[in-house]
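Comments concern the structure below.
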Amino acid sequence: MTPARRTLSAWHASYDPGAAKTILNNGRPCRVVFDDTFDRSVLRGGPLTGAYRLRQLHLHWGSSDLHGSEHVIDGVKYAAELHMVHWNPKHGNFAGALKQPDGVAVVGIFLKVGNTPKPEMKRILEEIENIKTKGKEAPFLHFDPSILFPKSRDYWTYHGSFTTPPCEECITWILLREPIEVSSDQMAKLRSLSKNDENEPPSPLVDNWRPPQPLKGRIVRASFK
Ligand SMILES: NS(=O)(=O)N=C1NCCCN1
Ligand SMILES: [Zn+2]
């Protein structure tokens with residue numbers, strides 16, 4: 001008898017633009033930080049139970065347009081991958097959520113180099129000038145990250161880990177099928193970030209991505225046929 005398979009519902013993000021706080025170069029992926037002290041910006045539905053609070057978003061990218069994403073689809077690598085990190089408030093705080101299998105939900109969006117770049121990426125890329133070296137932080141206010149979503153809400157989902165050490169296995173991944181477009185110049189802008197402090201020799205912040213890991217029997221489900 002084949003096991004009954006639950007169909008996957010749509011996911012929904014309701015974000016408060018006022019929750020955006022700062023943008024930071026921490027020498028790894030640069031990130032935008034949001035106020036997650038209450039259910040102000042939340043992700044619901046899809047494979048999730050309950051509302052998960054948006055904590056930060058960040059990007060991973062390569063040293064060329066030919067690679068940089070952390071997920072690969074039928075052998076196709078993208079130039080970059082954007083992650084929106086949410087945590088489950090039933091576990092008290094983010095640190096507690098890291099210890100739980102249903103603690104964190106990350107929406108992953110592929111960035112594909114093309115000729116019609118998504119204008120909504122401009123705001124993040126313009127801020128790069130102010131956070132060129134490690135440790136630099138700048139205010140990043142009035143920003144609704146849902147403008148970065150592609151048209152289609154189709155996604156894959158599976159249970160996995162953070163892609164940065166110690167790689168806690170607490171993530172429900174929601175990986176969007178449709179990439180958003182960026183220009184090659186915008187990718188070059190990302191690569192102009194440095195992972196060094198301002199008084200150290202320049203070291204480009206590139207290839208901050210982890211390659212895909214073995215599935216080891218895990219099931220990847222699709223919300224689409
Ligand atoms: N790339 S990832 O899996 O989202 N990894 C993360 N590690 C630290 C906290 C935020 N995210
Ligand atoms: Zn990430």
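A quick note: this is a predicted structure, and the numbers were derived from the prediction, not measured. These values consider heavy atoms only, across backbone and side chains, with no hydrogens, waters or symmetry-generated copies. Indexing begins at 1, ligand by ligand and atom by atom, following the structure's order.
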side-chain contact (heavy atoms from CB on, under 4.5 Å) partner of K136, chosen from L24, I23, I131: I131
Give yes if a backbone or side-chain nitrogen or oxygen of W173 is under 3.5 Å from a nitrogen or oxygen of ligand 1, and no if not. no
For W173 and H71, I'd like to know if the aromatic rings sit close, meaning centre-to-centre distance below 6.0 Å. yes
Just by distance, do the side chain of T133 and the backbone of D197 share a donor-acceptor pair under 3.5 Å? no
Using heavy atoms and a 4.0 Å limit, tell me yes or no: is R210 in contact with ligand 1? no
Could you tell me whether K189 and E126 make a salt bridge, using a distance below 4.0 angstrom between a side-chain N and a carboxylate O? no
Same cluster or not: I174 versus V104, using hydrophobic residues (I, L, V, M, F, W, Y) connected whenever any side-chain heavy atoms lie under 4.5 Å apart? no
Below 4.0 angstrom from a heavy atom of H83, which ligand 1 atoms are there? Numbered from 1 as shown, please. 1 (N), 4 (O)
Does a donor on one side chain and an acceptor on the other come within less than 3.5 Å for D207 and H67? yes
Look at ligand 1 and say whether R31 reaches it with a heavy atom at a distance under 4.0 Å. no
Return the CZ to CG distance between F149 and L82, rounded to the nearest 0.5 Å. 9.0 Å
Side chains of S146 and D144: any donor to acceptor distance under 3.5 Å? yes
Among D39, D35, N88, exactly one meets side chain to side chain donor-acceptor pair (under 3.5 Å) together with R53. Which residue is that? D39
Does R55 come within less than 4.0 Å of ligand 1, judged by its heavy atoms? no
Per-atom contacts, ligand 1 versus E70 - under 4.0 Å to a heavy atom: 1 (N)
Give the residue, atom name and distance (to 0.1 Å) of the protein heavy atom nearest atom 6 (C) of ligand 1. F162 CD2, 3.1 Å
T163 to ligand 1: N or O pair under 3.5 Å? yes
With respect to T164, determine whether any N or O atom, backbone or side chain, lies less than 3.5 Å from an N or O atom of ligand 1. yes
Looking at H83, the N/O/S atom that lies nearest to the Zn ion (ligand 2) is called ND1
Nearest protein heavy-atom contact for atom 4 (O) of ligand 1: which residue, which atom, what distance? H58 CE1, 3.2 Å
One finds that the ligand 1 atoms under 4.0 Å from a non-hydrogen atom of H60 are 1 (N)
State, to the nearest 10 degrees, the angle whose vertex is the Zn ion (ligand 2) and whose arms point to NE2 of H60 and NE2 of H58. 100°
heavy-atom search around atom 10 (C) of ligand 1 in the protein gives Q56 NE2, 3.3 Å
